[in-house]
Amino acid sequence: MSESSPRHPSGRSNQSSTSFPFSAPREDPAPRVNGILSDSSGSVDPVRRSPSLSDRKPPMTVVTRFAPSPSGSLHVGGARTALFCWAFARGRDGRFVLRIEDTDRKRSSEAASLGFMTDLDWLGIGWDEGPVHGDQGGGGHGPYFQSERLSIYTELLERLVAEGKAYHAFDTAAELDAKRKAAREAKQAYRYDRAALELSADEVAAKLAAGEPSVIRFRTPDAPITITDEVLGEATLPAGEVDDFVIRKADGFPTYHFAVVVDDAMMEVSHVLRAQEHFSNTAKHIVLQDALGFERPVYGHLSLIFNPDGSKMSKRDKDKTLRAAVRERGIDAPPIDAAGEPVVTAEVWAKWMGDKTVQLELESLEAAAALLDVALPEINVSDFRRSGYLPEALCNFLALNGWSAGDDLEKFDLEFLAGNFGLDRVQKTPAKFDRDKLLAFNLDAIQAMDADGFHDRARAHAEVFHPVFLERLDEAQFRVLCDASRERSKTLDEPFRTNRFLVAADDEITWTVSKPVRKAMFKGEPTGLALLESILPSLEASEAFDAATLEATITAFAEARADGNLGRIAQPLRIAVSGGPISPPIFDTLAILGRESVVARIRGCLEALLGEA
RNA sequence: GGCCCCAUCGUCUAGUCAGGUCCAGGACACCAGGUUUUCAUCCUGGGAACAGGGGUUCGAAUCCCCUUGGGGUCACCA
């Protein structure tokens, strides 16, 4: 890792010294401008050039990796890590590797692996090497599932034992737990006491031969360990701080620490970018690398992403939200679904309610939330997708949590990120995830689209999440809805979520007399209801029923009957056809609905509300 | 509790490494006006931060120390 010293983070040396070897770094704001969405001119990208001139040795290929464990779903924190790894490698003509860490057989699932890949794909984060998915993946350093690499680990594990650098241990879980508990009560950090080292070689052999369950522990050298990190700087852990940790579990699988070190070395990973929760683990990885004779990669630990309230953003937040809602409403049984079945058994429900560490299956959780009409927080990438966020807006926003481009620049695309991302501008402090700002970014991205672009994206979103709109609306109607919605939508989901009345049957519309409804229908002279009644014949008689014709008809009506105040008739119409005071622009709304529905709904509305006056 | 790390508006952050151009800039949110057929946009303006205390220096948001606060970790999870 000759390229970097602790005080000169690789990100900067790569960028500045490469571009301007003989002048002071960080001049020339031009590159910053290049990647902005509005400017796609082909000027030279500062980081895509060949490696540093000062580096005489053959340039080291930058290789980063994203290595999720396939349990649950890709959440935004993981997505950001992947994004940074991707950008770092891509901006340096390196390779980005995806590796699935499925050494915990109980928690891993194939579906989760697939989900991770789908999410990464959707975000636009492609991997050069890894599991094959669509047209990505493959590579010469596989397999990329750790569960398929067992023989590699076993060989190395045995070597370590043979060299006396690791040893078998037979302590039971109960024994260990008791010692841990005692340490905790004594207010001390637990360290493995090396009980297994008391055993003679013969005793070990005998126990092994007898098939007694055992793990392999690494014999950690008794010396301080210094971690060098490109983001956090240097930190030295005192001798004894890292104990003899387990490197092979009783089931024969390596632990995370062992597998990660072996795979990173074998896959030639040069830069390990991961979440800060791994910082202390790095000490373990370093001693392991030394014992195995591996070169150390460059480390960069990224700060965590938090909820606005300062708690760590986690998959459990969904359980937390639902549990709080259930408790608040005093519900004590699992909700019953449409088929008359409870979403989970009463036992599971009770256990879940009583223990905040218990999680419901995501499917059951979401089913229960839907039945109870509880909005679950968006945590996973797929949640944001379903909510109608654009991948480019999500990526842009995610990049801003923990990194900045400088120069007050905050709107950029993936290519800009790749071209400018460096560890020198990575934030050390945790970031609270601000959904309001994400939403504002999404709105801006949507408003920057042209009508065709929005239509295509909205259509693709509807196909997956709101197929009913494509069934009930023909292409022309759908197009009107898109055009009417683009500049008022913050998400791709909004045109559908807020306009369900468009696909409802006419007799499904109901009218509740809320404050705005009262104002529009019952106030004024004549009242809204009266205006509604009097405009009905002209709507029934109107030759065409497109937005332009309707605008002419209704505006003329407003001139004649409402002092030219369009709102006095627009609002009653809106309420009549939608059931409430909110809809797209009224002429578009009526045009989408069509004459038959409009007339039917106005009649229904008059019937329902005339009695209320 | 041990060990390690961190600290600029409510939030994300620029500025910190090379101390003066910073009575601290941008964005989101918020507040006040304005535009608008509803909603949402949009426009204008406003309030809002260097955690505290000591040093060093002519000069500190920037360097050093302490305090306080926050975070990570201490698994046969990753």
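When both pairing distances are held under 3.5 Å, B:G1 makes a Watson-Crick or G-U pair with B:C74. Under the Watson-Crick and G-U wobble criteria, each requiring two contacts below 3.5 Å, nucleotide B:G19 is left unpaired. The partner of B:G33 is B:C43, judged by Watson-Crick or G-U wobble contacts that both fall below 3.5 Å.
With sequence neighbours excluded, the residues that form a side chain to side chain contact (heavy atoms under 4.5 Å, CB included) with A:Leu150 are A:Tyr153, A:Phe253, A:Pro254. In this structure A:Asp317 satisfies the side chain to side chain contact (heavy atoms under 4.5 Å, CB included) test together with A:Asn307, A:Met313, A:Ser314, A:Lys320, A:Pro377, A:Ile379, sequence neighbours excluded. A search for side chain to side chain contact (heavy atoms under 4.5 Å, CB included) contacts involving A:Pro131 returns A:Leu98, A:Ile100, A:Met117, A:Trp127, A:Tyr144, A:Phe145, not counting sequence neighbours. Under the rule for a side chain to side chain contact (heavy atoms under 4.5 Å, CB included), the partners of A:Ala431 that lie at least two apart in sequence or sit in another chain are A:Asn401. Residues that satisfy the salt bridge (charged side-chain N to carboxylate O under 4.0 Å, His left out) test with A:Arg184, not counting sequence neighbours, are absent from this structure.
Nearest nucleotide to the A:Ala570 side chain, out of B:A29, B:C4, B:U37: B:U37.
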Requested in this report: Sugar-phosphate means primed atoms, P, OP1 and OP2; the rest is base. With that split, encode nucleotides 60-78 of chain B 5' to 3' as B, S or - using protein heavy atoms under 4.0 Å.
Outcome: -----------SBSBSBBB
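Side chains of A:His75 and A:Asn380: a donor-acceptor N/O pair is absent below 3.5 angstrom, by distance only. Side-chain atoms of A:Ser147 and A:Asp102 form a donor-acceptor pair, as typed in the model, at a separation below 3.5 Å. With 3.5 Å as the limit, one finds a donor-acceptor pair spanning the side chains of A:Gln571 and A:Arg574. For the 3.5 Å distance criterion, the side chains of A:Thr429 and A:Ser303 fail to qualify, holding no donor opposite an acceptor.
Residue A:Asp424 contributes atom CG, which lies 15 Å from atom P of B:A18 at whole-angstrom precision. Between A:His285 atom NE2 and B:C4 atom C1' the separation is 15 Å, expressed in whole Å. Rounded to whole Å, atom P of B:C28 lies 13 Å from atom CG of A:Asn396. Atom-to-atom, CZ of A:Phe557 to P of B:U37 comes out at 17 Å; the value is rounded to the nearest Å. Separating the CZ atom of A:Phe454 from the P atom of B:U41 is a distance of 14 Å, rounded to the nearest angstrom. Spacing between atom CG of A:Asp588 and atom P of B:C39 amounts to 17 Å, rounded to whole angstrom units. Residue A:Met313 contributes atom CE, which lies 13 Å from atom P of B:C12 at whole-angstrom precision. Atom CG of A:Asn442 and atom C1' of B:C28 are 14 Å apart (whole Å).
Judged purely by atom type and a 3.5 angstrom limit, A:Arg435 uses its side chain to pair as donor or acceptor with the backbone of A:Glu378. A donor-acceptor contact shorter than 3.5 Å is absent between the side chain of A:Ser108 and the backbone of A:Arg105.
Applying the salt bridge (charged side-chain N to carboxylate O under 4.0 Å, His left out) definition to pairs two or more places apart or across chains, those involving residues 166-178 of chain A are A:Asp177-A:Arg180. Sorted by first then second residue, the salt bridge (charged side-chain N to carboxylate O under 4.0 Å, His left out) pairs that include residues 272-284 of chain A, not counting sequence neighbours, are A:Glu277-A:Lys312.
A sub-4.0 Å separation between OP1 or OP2 of B:C17 and a side-chain N or O of A:Arg425 is absent.
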Distances under 3.5 Å between nitrogen or oxygen atoms of protein and nucleotides 24-27 of chain B:
{"residue": "B:G25", "atom": "N2", "partner": "A:Asp408", "partner atom": "OD1", "Å": "2.8"}
{"residue": "B:A27", "atom": "O4'", "partner": "A:Glu410", "partner atom": "OE2", "Å": "3.0"}
{"residue": "B:A27", "atom": "O2'", "partner": "A:Glu410", "partner atom": "OE2", "Å": "2.3"}
{"residue": "B:A27", "atom": "N3", "partner": "A:Lys437", "partner atom": "NZ", "Å": "3.0"}

Sub-3.5 Å pairs of nitrogen or oxygen atoms, protein against nucleotides 8-10 of chain B:
none

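Taking the six-membered ring for Trp and the full ring otherwise, A:Phe384 and A:Phe433 have centroids separated by under 6.0 Å. Under the 6.0 Å cut-off for aromatic ring centres, A:His278 and A:Tyr256 qualify, their centroids lying closer than that. Within the 6.0 Å centre-distance limit, the rings of A:Phe421 and A:Trp403 are counted as a close aromatic pair.
Side-chain contact check for A:Arg99 versus A:Val260: some heavy-atom pair is nearer than 4.5 Å.
Each of A:Gln447 and A:Lys428 was assigned the nucleotide of RNA chain B with the nearest heavy atom; the assignment lying further toward the 5' end belongs to A:Lys428. Judged by closest nucleotide on RNA chain B, A:Ala235 is the one of A:Phe397 and A:Ala235 placed further toward the 5' end.
Taking the P atom of each, B:U62 and B:C50 are spaced 12 Å apart, rounded to whole Å. Distance noted for atom P between B:G69 and B:C63: 23 Å (whole Å). Rounded to the nearest Å, the gap between the C1' atom of B:A60 and that of B:U21 is 15 Å. For B:A29 and B:C17, the C1' atoms lie 32 Å apart once the distance is rounded to whole Å. Across B:C66 and B:U56, the matching C1' atoms stand 15 Å from one another, rounded to whole Å. Annotation: B:U67 and B:G15 have their P atoms spaced 29 Å apart (nearest Å). Here, B:C4 and B:A49 have their C1' atoms 28 Å apart, quoted to the whole Å. Rounded to whole Å, the separation between the P atoms of B:A24 and B:G52 comes to 15 Å.
Contacts between residues 487-494 of chain A and RNA chain B, defined by a heavy-atom separation below 4.0 Å, involve A:Glu487, A:Arg488, A:Lys490, listed by number. Taken residue by residue, residues 573-587 of chain A places heavy atoms nearer than 4.0 Å to RNA chain B at A:Arg574, A:Pro581, A:Ile582, A:Ser583, A:Pro584, A:Pro585, A:Ile586, A:Phe587.
Using a 4.0 Å heavy-atom distance criterion, A:Ser71 is classed as making no nucleic acid contact.
Note that A:Lys179 lies outside the cation-pi zone of A:Tyr190, set by a 6.0 Å cut-off to the ring centre and a 45° limit from the axis.
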